[in-house]
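Here the structure is laid out as structure tokens; the discussion comes afterwards.
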Amino acid sequence: MAKRWEDVEELMDEMVRVDCPPNIATFNTLIAYLCRNGLYEQVHETLSQMPEHGCTPDLRMYATIIDGICKDGHHEVANDILSRMPSYGLKPNVVCYNTVLKGLCSAERWEEAEDLLAEMFQKDCPLDDVTFNILVDFFCQNGLVDRVIELLEQMLEYGCIPDVITYTTVINGFCKEGLIDEAVMLLKNMSTCGCKPNTISYTIVLKGLCRAERWVDAEELISHMIQQGCLPNPVTFNTLINFLCKKGLVEQAIELLKQMLVNGCSPDLISYSTVIDGLGKAGKTEEALELLNVMINKGITPNTIIYSSMASALSREGSTDKVIQMFDSIQDATVRSDAVLYNAVISSLCKRWETDRAIDFFAYMVSSGCMPNESTYTILIRGLASEGLVREAQDLLSELCSRRYRQMLVGGGDYCGGITRMDLPT
DNA sequence: GTAGGGTTAG
């Protein structure tokens, strides 16, 4: 629609001509679209057109604008608009506050978030369950789990009801901090608050138990969840398969892959991907290739991740030709090669002392629009150096350094479309 | 036509 803005303007003129003038709903639709796409010049323009149609921005429109601005990361502007709303005769509601609160939390600007909460109390704007969920998520994302139980209690005191996602967020926060026993306890206690854990809640705790290598507890929990009528889903299985593979227990992972079908789950792309990678890392490249074929025969199309696992496995066993063959075979397919895949190819060439070809590949990578990452440079620099091409290695190293410097410079921008100059009609 | 949050693979 961005390109057809003239059409929109023309359509609005026509609406007036046929005596069906745009109303507040028309403008809200437009503003929502423009905000979603960061087209603040047009937001400004549209707002200035509203008075001639007898329309005034309402609470909902402000909420939309504030949301768009927050999602673009311009919290000061959002906060500024929020504070100017009363002068336009509008009292910000809980939706407006929550939107800005979420923006401040995402930007980890906790002090300002606290100020905003204080303002909500002071301006007599009651918090709701969304407010609490934003805070719970923020605490969990930032490892502040020691404060989160208290927050849940405050939430209940306030008359807001945590739901299964609220509890699962907290459980996940505990697991991420290694507090597995706390996670298990909450999983068991949430039912007493009238909220039953679901498959996702159990899967998260299972992952935590696996990470802590508490296999017996994990098995018990699986039985427990099934007893409770919560069936494992593909993600549950994939989580377990992943841990088995990481521990080198690929045979057991394959067993679990078969068990999925018995339990009414079909192994998906990620199930196969995990086991294929596990087989490759265990040096069972032939078996990995066979499983890849099984997967393809089941109608599942391999993606870049699977190919890069395969390429790494082939590269590891020194089958450089097979790596290149595979790479060539997917060039006309829909899979888009990424840096990890290119790195596997480049690395296998370096292994065979073919740094010339590796450099050619590097050039092809860049010309195909794939951005090299640090590993790409590391692989090449090592390859060049081990062939005694010190000068070339040094050049590449300085290129890497200047790239890092450029990346440091990017992202310092402070531009915010036309919204800073926005002169909202009243 | 307004705000929020949870799980899997290289």
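Naming convention: chains lettered A, B, ... in sequence-line order (proteins, then strands); numbering from 1 in each chain. It should be emphasised that the depicted structure is a prediction, and the values quoted were computed from it without experimental measurement.
Taken residue by residue, residues 90-106 of chain A places heavy atoms nearer than 4.0 Å to DNA chain B at A:Val95, A:Asn98, A:Thr99, A:Lys102. The stretch residues 187-197 of chain A has no heavy atom under 4.0 Å from DNA chain B, so no residue of it qualifies as close.
Listed nucleotides: B:dA9, B:dG10, B:dG6. Nearest to the side chain of A:Asn198: B:dG6. Nearest to the side chain of A:Ala63, among B:dT2, B:dG1, B:dT7, sits B:dT2. Among B:dA9, B:dT8, B:dA3, the nucleotide with an atom closest to any side-chain atom of A:Asp67 is B:dA3. Distances from the side chain of A:Ser309 to the nucleotides B:dG10, B:dT8, B:dA9 place B:dG10 closest. When each of B:dA9, B:dG5, B:dG10 is scored by its nearest atom to the side-chain atoms of A:Val340, the top-ranked nucleotide is B:dG10.
If you check distances only, the side chain of A:Thr169 never reaches the base of B:dG6 with a donor-acceptor pair under 3.5 Å.
Ring geometry for A:His53 against A:Phe27 counts as tilted: the plane angle lies between 30° and 60°, on a 0 to 90° scale. Taking the six-membered ring where tryptophan is involved, the planes of A:Phe138 and A:Trp110 are essentially parallel, since the angle between them stays under 30° and well short of 60°.
Across all strands shown, A:Asp268 has no heavy atoms under 4.0 Å from either base or sugar-phosphate atoms. Within the 4.0 angstrom heavy-atom criterion, no nucleotide atom of any strand lies near A:Thr236. Within 4.0 Å (heavy atoms only), A:Val136 reaches no atom of the nucleic acid at all. Across all strands shown, A:Ile204 has heavy atoms under 4.0 Å from sugar-phosphate atoms exclusively, and none from any base. Using a 4.0 Å heavy-atom criterion, one finds that A:Lys71 contacts the sugar-phosphate atoms exclusively. Residue contacts shown for A:Thr274 are limited to sugar-phosphate atoms, with no base heavy atom under 4.0 Å away. Residue A:Thr304 is classed as a base contact, given a heavy-atom separation below 4.0 Å to a base.
A salt bridge does not link A:Glu114 to A:Arg109: none of the charged nitrogens lies less than 4.0 Å from a carboxylate oxygen. Salt-bridge annotation for A:Arg36 and A:Asp72: absent, with no side-chain N of the basic residue lying under 4.0 Å from a carboxylate O of the acidic one. Comment: A:Asp67 engages A:Lys71 in a salt bridge, judged by a side-chain N to carboxylate O separation of less than 4.0 angstrom. The residues A:Glu317 and A:Lys351 are annotated as not salt-bridged, no charged nitrogen and carboxylate oxygen being separated by less than 4.0 angstrom.
Identified under the side-chain hydrogen bond (donor to acceptor under 3.5 Å, both in side chains) test for residues 172-187 of chain A, with sequence neighbours left out: A:Asp181-A:Arg214.
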